[in-house]
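Let me begin by presenting the structure, written as structure tokens, before commenting on it.
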Amino acid sequence: MGEKKSPFTNRELSWLDFNVRVLEEAERDRNPVLERLKFLSITASNLDEFYMVRVASIKEKIQDKETEPDESGLTPEENLAKIRKKAGNFVARQYACYEKHILPDLEKAGIRLVPPDGLDENQYKAVSDYFYNMVFPVLTPIAVDKSRPLPLLLNKAVYIAVRLRRENKSYFALVQVPTVLPRHFELPCQEGRAFILLEDIITYFLSSLFELHIIEAHALFRVTRNSDLEVDEDAENLLTAMKKTLEKRKRGAPVRLELQQECDEKLREFLLEALHVSRKDVVDIPGPMALAGFMKFAMMPGGESLRLPPITPVVPADFVGVEDYFAAIREHDRFVHHPYESFDVVVDFLRQAAEDPDVLAIKQTLYRVSGQSPIIDGLIKAAQNGKQVTVLVELKARFDEANNIAWAAKLEKAGCHVLYGVEGLKTHCKILLVVRREEGGIRRYLHLGTGNYNDSTARLYTDMGMFTCREEFGRDASELFNRLTGYSRFPDYQKLVPAPESIREFVYSRIDREIEHKKKGLPAGIFIKINSLLDKGMVDRLYEASQAGVKIKLLVRGICSLVPGVKGVSENIEVRSIVGQLLEHSRIFIFENGGRREILLGSADLMPRNLNRRVELLFPVEDANLKRRLLSITELMWADNQNARIQDKNRQYKLVCPGEEEPVNSQLELARRAHAASVRRQRAVERERQSHPVEAQGQ
């Protein structure tokens, strides 16, 4: 008999379970109705990307005749069959949520989505005027026949397929629903607010586009294309190769055809044949197409009372009253927790470095940045001020490639040294290094983070950052950049733990150390907060620790291949997932270490790609005050009984509802704590200024 295989959940099926947890937030009555619509939109956007990347990858394996089972035991064919079934059930649940819960609750709130046949006289006139004055000039009916084959259809765009008849002959045509116009048109309304969908307006006036034909049938549809395309890193110019790859993505093979459920059979056959799509890849849609497009509607002006109050970032307590960032960081390490605390301190630190005459060099990694990035502005200003600025821009950040190419060009034009990552690896670590000339010589200041240098997502994602000027950290950072930008030897890091070289072995060694401590009767335990746990080696190592009696707490937002609570395998492991108003994104590793707790933050999830194919960083938190704060944060997150789900041994996630305990929403409580700490610090700073008025004026 062979060795019994340890339980391991399939990546794609686990991801679909995560999207169910997001959908649950759309179904929960405690959330205001537009907040629920926002969550529903997020599930649809998530599912789009899932098909574009994960399903596309599996289909390519099938086309390449790959039959090797994955770590969960599923062949690509078996996996795809399970995905189709599970995703089909998920889509049905999405639309049940929309039709049975969100639409009725919108109506109760005075907001109606009106079908074309429900328009009153004034509304019809408004829609008619809008169609002929604004919509009609934008539309382009596309005939499809032997002389005019189907054109390249845009990925994720909504189209109307039309079957026409003239003189007993059938014709087919397409009309794209324009993306340059708002999806929802507001109607005149005596009470409340009323809207109609753009595609419903076009459908209602469809005959205006085909006046010489009889319209026999029409149906909305949408194509999702393979976007899992790899750049040729052997090309002489990576930038040129990436541009070519982006062009290829537009022509990726269809992996899903979403089709209006009541579609005419002849139209269905026409689309299947024209798009070369299998019936198995058709998803019948029982409501509006492209629910992801409802995000703007969910964020409508005037709808604030129907959404959760936004979490407003405050000035971090560690930076209240700070004017000289360098002096503050020299005093002690500083910590920021976004979005509870403002990302502005990171931007201001960079701006101060750009203006400081004693700053000689700035080096930074960029993975994803915002559309109007103050980080980019700071780097450009530094270069203009004569600093040596080196920026490692990751061109291969999926779906941000075009944005990053544009920023790279702008940075180069400003005089920055721009590099495009390391061959064969994505640079995913988050690090900003400032080299400054001071009285005692050169000093290096660092910002190390768990999230991107993106001021927009820093308001939506929970991330952490640390500022330090500890010598060992600075030396490691210089070695890291030399490694990334040149051909230097593999450094002997003192503090930073990089991937792909070291993170795997480092975490293995820490897990093994906890096992040894447990055997010796010393305090032992592991707490890990990450986005995804997929690496088989890590899962097996955690199973080993559980079997040795080590208590393990895992906060895994998304994919989790580890199965907790299995007798003889994972009885000492608990897995929880927090899905709430904010996207949990920070990565935290805590090892009990015999009572001398070791705490690290970083950019890496425990996935093969992060450990083997990306440049990642873990960094230790050594300041005693910061360690206490992090322990308090993680204890609060583990106590969450409002946003948290717990996974059982059957791989099912259930809400951790409060029993006799007080309800705990960790995200709201962390926002409250950040605000209270900021206010306390502001008062303390004010008292200090009042007690030393002369010194304050001198500053």
Side-chain angles (χ1 to χ4, degrees), residues 21-46 94 97-114 123 126 181-198 288 290-315 337-344 370-372 454-463 578-585 640 642-643 663-676 678-679:
R21 299 197 288 279
V22 181
L23 181 57
E24 286 174 352
E25 292 299 308
E27 297 169 334
R28 295 180 80 180
D29 290 337
R30 72 163 197 177
N31 289 324
V33 64
L34 287 182
E35 195 74 21
R36 286 157 49 204
L37 183 59
K38 185 178 85 171
F39 278 113
L40 183 64
S41 170
I42 290 169
T43 68
S45 178
N46 286 348
Q94 279 181 310
C97 174
Y98 176 78
E99 296 285 347
K100 296 178 182 177
H101 300 287
I102 288 177
L103 282 184
D105 287 353
L106 280 172
E107 199 154 337
K108 287 177 191 173
I111 299 172
R112 289 182 300 126
L113 280 163
V114 181
Q123 290 171 341
L181 297 173
R183 178 86 182 272
H184 295 81
F185 175 69
E186 187 157 9
L187 301 163
C189 192
Q190 290 185 339
E191 289 185 17
R193 300 177 74 177
F195 298 83
I196 186 171
L197 289 168
L198 178 59
L291 289 174
F294 279 65
M295 177 62 82
K296 286 185 179 177
F297 185 72
M299 301 305 292
M300 70 167 74
E304 291 78 12
S305 64
L306 302 177
R307 295 190 290 269
L308 291 172
I311 289 174
T312 305
V314 298
V315 177
H337 194 184
H338 314 301
Y340 315 111
E341 297 178 318
S342 175
F343 185 77
D344 288 350
S370 62
Q372 300 293 324
N454 186 317
D455 56 296
S456 296
T457 57
R459 298 181 68 91
L460 305 171
Y461 296 8
T462 72
D463 271 306
I578 292 178
V579 177
Q581 182 175 356
L582 303 169
L583 182 85
E584 291 292 337
H585 194 252
D640 192 312
Q642 297 291 287
N643 300 317
V664 178
N665 182 323
S666 61
Q667 295 183 345
L668 294 183
E669 176 59 18
L670 285 167
R672 188 199 67 77
R673 287 185 185 182
H675 179 266
S678 185
V679 169

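- Between the side chain of Gln581 and the main chain of Pro309, a donor-acceptor pair closer than 3.5 Å is present.
- To the nearest 0.5 Å, atoms CG (Leu40) and CE (Met295) are separated by 10.0 Å.
- Taking each heavy atom of Ala292 and Ser45 in turn, the nearest pair found is CB-N, 3.7 Å.
- Separating the OG1 atom in Thr462 from the CG atom in Leu460 is a distance of 11.0 Å, to the nearest 0.5 Å.
- Note that the CD1 atom of Ile578 and the OG atom of Ser666 stand 4.0 Å from one another [nearest 0.5 Å].
- Using a 4.5 Å heavy-atom threshold, the side chains of Gln642 and Pro663 count as touching.
- Interatomic distance, CZ of Phe185 versus CD1 of Ile196, reported as 9.0 Å (0.5 Å rounding).
- Between Cys97 and Ile102 the shortest side-chain heavy-atom distance falls below 4.5 Å.
- Each of Leu23, Asp29, Leu106 was checked for a side chain to side chain contact (heavy atoms under 4.5 Å, CB included) with Arg36, and the lone residue meeting it is Asp29.
- Taking 4.5 Å as the limit, some side-chain heavy atom of Gln123 sits within range of a side-chain heavy atom of Pro188.
- Distance alone, capped at 3.5 Å, places no donor-acceptor pair between the Asp640 side chain and the Asn665 backbone.
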- Can you check salt bridge (Lys or Arg N to Asp or Glu O under 4.0 Å) on Arg28 and Glu24, steps first, answer last? CA-CA 6 Å; Arg28 295 180 80 180; Glu24 286 174 352; over 6 Å; no
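- Note on ring orientation: taking the six-membered ring where Trp is involved, the planes of His184 and Phe195 are perpendicular (angle over 60°, cut-offs 30° and 60°).
- Rounding to the nearest 0.5 Å places CD1 of Ile111 at 5.0 Å from CG of Leu306.
- A side-chain N or O of Asp463 and one of His585 form a donor-acceptor pair less than 3.5 Å apart.
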- Query: Would Lys38 and Met299 count as a side-chain contact (heavy atoms from CB on, under 4.5 Å) if you check the C-alpha gap in whole Å, the side-chain angles of each, and the deciding distance to 0.1 Å?
  - Reply: CA-CA 8 Å; Lys38 185 178 85 171; Met299 301 305 292; 3.9 Å; yes
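- Remark: the backbone N or O of Ser370 is not paired with any side-chain donor or acceptor of Ser456 at under 3.5 angstrom.
- Listed by chain and residue number, Phe18, Asn19, Phe39, Ile42, Thr43, Asn46, Val579 satisfy the side chain to side chain contact (heavy atoms under 4.5 Å, CB included) test with Val22 (two or more places apart in sequence, or in another chain).
- Taking a 6.0 Å sphere around NE2 of His675, one finds it holds 12 or fewer heavy atoms contributed by other residues, nucleotides or ligands.
- Side-chain atoms of His337 and Arg673, non-hydrogen and from C-beta on, never get closer than 4.5 Å to each other.
- The CG atom of Leu37 lies 7.0 Å from the CZ atom of Phe297; values are rounded to the nearest 0.5 Å.
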- Leu582/Ile311 under side-chain contact (heavy atoms from CB on, under 4.5 Å): CA gap, chis, key distance, verdict: CA-CA 9 Å; Leu582 303 169; Ile311 289 174; 3.6 Å; yes
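- Judged by distance alone, the side chains of Glu584 and Gln667 do bring a donor and an acceptor atom under 3.5 Å apart.
- Of all non-hydrogen atoms in Arg459 and Pro313, the two that sit nearest each other are NH2-CD, 3.8 Å.
- Two residues are said to be in side-chain contact when any heavy atoms from C-beta on lie closer than 4.5 Å; Leu187 and Val114 meet this criterion.
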- Item | Intermediate values then yes/no, side-chain contact (heavy atoms from CB on, under 4.5 Å), Tyr340 and Arg672 | CA-CA 8 Å; Tyr340 315 111; Arg672 188 199 67 77; over 6 Å; no
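- Within the structure, the side-chain hydrogen bond (donor to acceptor under 3.5 Å, both in side chains) test picks out the following pairs touching residues 187-198 (sequence neighbours left out): Glu186-Arg193.
- Here salt bridge (charged side-chain N to carboxylate O under 4.0 Å, His left out) pairs that include residues 295-306, with residues two or more places apart or in two chains, are Glu304-Arg307.
- The shortest side-chain heavy-atom distance between Ser41 and Leu291 does not fall under the 4.5 Å cut-off.
- A donor-acceptor contact shorter than 3.5 Å is absent between the side chain of Glu35 and the backbone of Asn31.
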